[in-house]
Amino acid sequence: GAVVSQHPSRVICKSGTSVKIECRSLDFQATTMFWYRQFPKQSLMLMATSNEGSKATYEQGVEKDKFLINHASLTLSTLTVTSAHPEDSSFYICSARTGGEKLFFGSGTQLSVL
Amino acid sequence: GDSVTQMEGPVTLSEEAFLTINCTYTATGYPSLFWYVQYPGEGLQLLLKATKADDKGSNKGFEATYRKETTSFHLEKGSVQVSDSAVYFCALTGQGAQKLVFGQGTRLTINP
């Protein structure tokens, strides 16, 4: 089946630094990618929807200036957590949608901000 | 808004035991319902789905029936294996919506 590669799988950073997470569709073109966040014992929450070549659409309550999403090509979307703080520590996961409307997920990134 | 509630984990069972992971939902209209599974180190994968009331989704020995009267979509398997150890997510898309709404996930561990 289709593969979505998410990198890194785990990152630890200092408070105030920025972290970039990459999401690549390896064997298909993804016009739409989604970014989710999961806090411990809570649901996966949709953060934003990104369409190739256009600005991302953010869910209510998600700061677009803090969580920068770039979807520059049909196979790559990036999420940058700017000026990260301990409360941003979470599990981030991306998904990509094929032209046939199927969804495939990355394996997730565990972010820990010290 | 739409929401999904799963039974809290973690769940630990012995091999060949019967599995039930409860899932209930709140949604207007007629959502589509899904179970996703995440094996260690991998992305979420669609396990099964049901798109209308009384539909039964099944895959790899797992089953779930769309029960509108109880707003439930419980996951069951008659005899679990060690390889079923994973995190299981119940999810829905609301009628006419494209976004997936997830439950919090249930970690399942099967001991030999």
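Just so we're on the same page: letters track the sequence lines, and every chain starts at 1.
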Review point. With chain B, which of A/Phe105, A/Tyr36, A/Phe39 has the greatest number of heavy-atom pairs at distances under 4.5 Å?
Key: A/Phe105
Exercise for review: Please check if A/Leu74 and A/Ile69 belong to a single hydrophobic cluster, counting links between Ile, Leu, Val, Met, Phe, Trp and Tyr side chain heavy atoms closer than 4.5 Å.
Suggested key: no
Point to revise | Atom CD of B/Glu8: over 12 foreign heavy atoms under 6.0 Å | key: no
Check your understanding: Is A/Leu76 linked to A/Leu26 within one hydrophobic cluster, defined over Ile, Leu, Val, Met, Phe, Trp and Tyr using a side-chain heavy-atom separation of less than 4.5 Å?
Key -> no
Exercise for review: Name the region of A/Leu46, side chain, backbone, both or neither, that has any atom closer than 4.5 Å to a heavy atom of chain B.
Suggested key: side chain
Review point. With only heavy atoms counted, which part of A/Glu59 is less than 4.5 Å from chain B, the side chain, the backbone, both or neither?
Key: side chain
**Study point:** Common cluster, B/Tyr88/B/Leu19, ILVMFWY with side-chain heavy-atom separation under 4.5 Å
**Key:** yes
Point to revise | Test applied, side chain to side chain contact (heavy atoms under 4.5 Å, CB included); reference residue, A/Leu44; option that passes from B/Val101, B/Leu44, B/Leu100, B/Val4 | key: B/Leu44
Check your understanding: So with a 6.0 Å cut-off around NE2 of A/His85, is the heavy-atom count from everything else above 12?
Key -> yes
Review point. Shortest non-hydrogen contact from A/Ser107 to B/Gly41?
Key: CB-O, 3.6 Å
Check your understanding: Under 6.0 Å from the CD atom of B/Glu16, do we count more than 12 heavy atoms belonging to anything else shown?
Key -> no
Check your understanding: Is it true that a side-chain atom of A/Gln38 and a backbone atom of B/Gln104 form a donor plus acceptor pair closer than 3.5 Å?
Key -> yes
Check your understanding: Checking B/Gln38 against chain A: side chain, backbone, both or neither under 4.5 Å from a heavy atom?
Key -> side chain
Review point. Contact part of B/Tyr36 toward chain A, heavy-atom cut-off under 4.5 Å: side chain, backbone, both or neither?
Key: side chain
